[in-house]
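Structure record follows, encoded as structure tokens.
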Amino acid sequence: MWAPPELLLRHGLPLGMEFGLRLPDGSAPSGMHDADVRAALAEGLTTRPLRETLADTWSWLQAEGDRHPTLMRPPPTPGWTPPRNSGCSTSSPTKEELPAMRAIIIGAGIAGLATALRLHQIGWDTLIVERAPARRGGGYAVTFGGIGYDAAERMGILPDLRAKSFDTQELVYHKSDGSRRFALDRATIAATTGPRSITILRGDLEAVLYEKVRDHTEIRFGATLTAIDQDDHAVRVTLSDGTIEEADLLIGADGLHSATRTLLFGPEEDFLLDLEHKVAVFMLDRRPAAVASGATGTLSSRGRTAAVISVGDGRNVAFFGYRADHARPDEDIATQLERVYGDLGWVIPEALAGLQRTDSVYSDTISQVVAPCWSSGRGVLLGDAAWCVTLFAGYGSALAVGGADRLGTELAAHPGDIPAALSAWEAAIRPEAERKQKLGRRVKGVYAPANPALLWLSLLPLRLASLPPVRRYMTRRFIKG
Ligand SMILES: Cc1cc2nc3c(=O)[nH]c(=O)nc-3n(C[C@H](O)[C@H](O)[C@H](O)COP(=O)(O)OP(=O)(O)OC[C@H]3O[C@@H](n4cnc5c(N)ncnc54)[C@H](O)[C@@H]3O)c2cc1C
């Protein structure tokens with residue numbers, strides 16, 4: 001008998017743990033029906049009545065005492081639909097004999113939390129190890145679309161993400177003295193990102209994922225990993241608190257400066273491609289009056305960009321991105337921003353003053369991770385740790401969630417064969433990651449150029465989009481989808 005997984009899930013049946021043999025559609029299991037059994041019948045073999053088979057199986061299950069099997073649990077999220085061919089929907093006997101699988105995830109950012117959620121959905125146990133003492137909030141605004149949006153829909157988290165997303169009402173480009181160059185309205189901004197995309201604070205995206213996994217995974221805050229040891233059967237990870245954890249898979253989702261990557265593959269300088277810019281982002285405790293509620297104001301001048309983004313619920317983010325040749329080694333971030341942006345007017349003085357009152361600043365170089373391979377045995381990198389595409393590509397959170405979703409799909413499709421799952425996963429994700437890395441490198445060349453003529457040219461597409469006829473055309477196309 002075959003029934004689609006959606007039907008079984010709707011009736012609360014744990015996949016693969018019920019009576020009978022459930023075969024997915026497709027060509028793979030067709031041999032079960034097509035086999036020529038004439039020789040067996042000629043030898044006098046008969047088919048056992050179904051009633052007997054069921055009665056025997058039931059008494060065997062009761063004798064085993066396994067009345068609450070845990071393998072292949074149904075997913076906890078009602079809206080979640082198992083992807084086709086994910087392996088969640090197959091029930092080969094060998095797979096049911098496998099014990100529950102376990103993963104250690106390093107990092108509780110978007111990549112780590114999304115991976116924990118997806119692995120829970122395919123029945124894995126997870127432990128997350130996070131260096132920070134507690135969960136981070138705030139951050140910066142991310143545009144979340146593409147494979148991340150599709151994955152969020154499949155994983156059943158899209159409604160929660162949408163509820164926390166915000167629409168930018170107006171995007172205003174300013175000159176250095178604060179006067180307006182031009183502005184894009186809400187409809188035009190939406191048309192540039194497309195219908196299957198949202199804008200959300202990074203901390204809010206993490207919060208949605210955290211709420212979904214907190215009851216299913218242990219998160220060990222204030223800890224990191226110090227050593228990895230693996231063989232054909234397991235991976236053992238020594239943590240900074242002295243404990244040793246064993247699992248089937250180790251996932252390094254610990255960002256650009258991944259310690260997992262260093263332990264698995266070698267020093268970070270072998271993998272980081274410096275895009276010669278720096279970024280600093282922090283939450284403001286008040287919105288500068290010159291930026292309207294719901295709006296984003298931005299200015300670019302001689303290799304420097306600054307923006308104030310109103311991100312909903314009265315929260316505001318200050319963003320500074322500048323060419324690395326403005327930076328000086330060993331200068332603290334407050335001194336550096338003051339020196340690099342101190343001559344600019346508009347809301348810059350207010351934003352810089354806000355830096356003194358904020359409790360956390362994200363600041364780093366803008367670098368890509370270029371690694372020829374993302375896995376080594378039972379260790380794999382995911383998210384910025386593996387492929388950081390940078391803010392120039394504006395796609396890192398999408399790749400993190402899309403990558404996590406696909407990893408779960410491939411692990412479920414290759415039960416008991418982690419190397420095969422990891423190589424299928426990498427083959428699926430790498431082309432998209434490399435495309436976005438190329439885009440990031442192209443954007444670097446036109447990001448806040450020092451030359452005013454180049455700056456004018458780099459803003460030209462947006463300036464055109466702000467013109468009423470172009471705006472009307474783009475909006476019409478957006479509405480048509
Ligand atoms: C300013 C800015 C704007 C961006 N805009 C966009 C955008 O518009 N769209 C988009 O899709 N993406 C955007 N991105 C990229 C996106 O934010 C990242 O790609 C995404 O957050 C990566 O998530 P991650 O979980 O891989 O890494 P991270 O967010 O870096 O998370 C890593 C986690 O691991 C922890 N950790 C680090 N080291 C260790 C260790 N040794 N042990 C234990 N834990 C550790 C960290 O504390 C952190 O919690 C932007 C990035 C920036 C900086």
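Both counts, for ligands and for their atoms, begin at 1 and track the order of listing.
- Less than 4.0 angstrom separates some heavy atom of V129 from each of these atoms of ligand 1: 43 (C), 44 (N).
- By the 3.5 Å distance cut-off applied to N or O atoms, L391 is not counted among the residues near ligand 1.
- In terms of polar-atom proximity, Y362 is not counted as a contact of ligand 1, lacking any N or O under 3.5 Å from an N or O of the ligand.
- Looking at S258 against ligand 1, nothing comes within 4.0 Å, counting heavy atoms.
- For atom 18 (C) of ligand 1, the closest non-hydrogen atom on the protein side is D384 OD2, 3.5 Å.
- For atom 40 (C) of ligand 1, the closest non-hydrogen atom of the protein is T224 OG1, 3.2 Å.
- Ligand 1 lies less than 4.0 angstrom from a heavy atom belonging to R136.
- A donor-acceptor pair shorter than 3.5 Å can be found between the side chains of E331 and Q336.
- Closest heavy-atom approach to atom 17 (O) of ligand 1 within the set Y140, F221, F144: this belongs to Y140.
- Taking each of T260, T115, V142, L399 in turn, the one with a heavy atom nearest to atom 6 (C) of ligand 1 proves to be V142.
- Nearest to atom 25 (O) of ligand 1 among the protein's heavy atoms is A111 N, 2.9 Å.
- Close contacts of ligand 1 with G383, meaning ligand atoms under 4.0 Å from a residue heavy atom, involve 26 (O).
- Backbone and side-chain nitrogen or oxygen atoms of I110 are examined, and one is located within less than 3.5 angstrom of a nitrogen or oxygen of ligand 1.
- In terms of polar-atom proximity, defined here as any N/O pair under 3.5 Å, G396 does make such a contact with ligand 1.
- The single protein non-hydrogen atom nearest to atom 35 (C) of ligand 1 is E130 OE1, 3.3 Å, given as residue, atom name and distance.
- Using a 4.5 Å heavy-atom cutoff, the side chains of S363 and V279 are not in contact.
- Within the listing of ligand 1, atoms 9 (N), 10 (C), 11 (O), 12 (N) sit less than 4.0 angstrom from a heavy atom of Y395.
- Counting the atoms of ligand 1 from 1 in the order shown, those under 4.0 Å from a heavy atom of A398 are 11 (O).
- A donor-acceptor distance shorter than 3.5 angstrom exists from the side chain of H277 to the backbone of L275, with no hydrogens or angles considered.
- Judged by distance alone, the side chains of D364 and H257 do bring a donor and an acceptor atom under 3.5 Å apart.
- Protein heavy atom nearest atom 43 (C) of ligand 1, with residue, atom name and distance: R131 N, 3.2 Å.
- Salt-bridge formation is detected for the pair R196/D150: a Lys NZ or Arg NE/NH1/NH2 atom is positioned less than 4.0 Å from an Asp or Glu carboxylate oxygen.
- For the residue pair R304 and S301, a side-chain donor N or O sits within less than 3.5 Å of a side-chain acceptor on the partner.
- Taking the six-membered ring where the residue is Trp, W387 and W425 present tilted rings, their angle falling between 30° and 60°.
- At a cut-off of 3.5 Å, with distance as the only test, no side-chain donor of R315 or S310 sits close to an acceptor on the other residue.
- Side chains of S300 and T305: a donor-acceptor N/O pair is present below 3.5 angstrom, by distance only.
- Atoms of ligand 1 found under 4.0 Å from any heavy atom of G109, numbered from 1 in the order shown, are 25 (O), 31 (O), 33 (C), 49 (O).
- With respect to atom 27 (O) of ligand 1, the closest heavy atom belonging to the protein is G255 CA, 3.7 Å.
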### Query
So F282 and Y362, ring-ring contact (aromatic ring centres under 6.0 Å, His included) or not? Walk me through it.
CA-CA 6 Å; F282 52 90; Y362 170 84; over 10 Å; no

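- Of all protein heavy atoms, the one lying nearest to atom 8 (O) of ligand 1 is T143 N, 2.8 Å.
- A side-chain contact (heavy atoms from CB on, under 4.5 Å) with L225 is found for one member of I104, T238, V129, L250 and no other, namely L250.
- Atoms of ligand 1 found under 4.0 Å from any heavy atom of I106 (numbered from 1 in listed order, with element): 42 (N), 43 (C).
- Within a 6.0 Å radius of CZ in R302, other residues, nucleotides and ligands contribute 12 heavy atoms or fewer.
- The shortest N/O to N/O separation between A259 and ligand 1 does not fall below 3.5 Å.
- Among protein heavy atoms, the minimum distance from atom 39 (C) of ligand 1 is reached at D254 CB, 3.6 Å.
- Between Y173 and F182, the ring planes lie parallel to each other; the angle is under 30°, not in the 30° to 60° tilted range.
- Considering backbone and side-chain N/O of S397, one or more are found under 3.5 Å from N/O of ligand 1.
- Counting all heavy atoms, side chain and backbone alike, A433 lies closest to W374 at CB-CH2, 3.9 Å.
- Only the side chain of V281 comes within contact range of ligand 1, with a heavy atom under 4.0 Å; no backbone atom does.
- The pair D177-K175 fails the salt-bridge criterion, with no side-chain N (NZ, NE, NH1 or NH2) lying under 4.0 Å from an Asp/Glu carboxylate O.
- For A223, the closest heavy-atom approach to ligand 1 falls below 4.0 Å.
- Side-chain atoms of T168 never come within 3.5 Å of backbone atoms of A295 as a donor-acceptor pair (strictly under, hydrogens ignored).
- Shown in contact with A253 at under 4.0 Å from a heavy atom are these atoms of ligand 1, numbered in order with element: 32 (C), 33 (C), 34 (O).
- Under 4.0 Å from ligand 1, not a single heavy atom of T390 appears.
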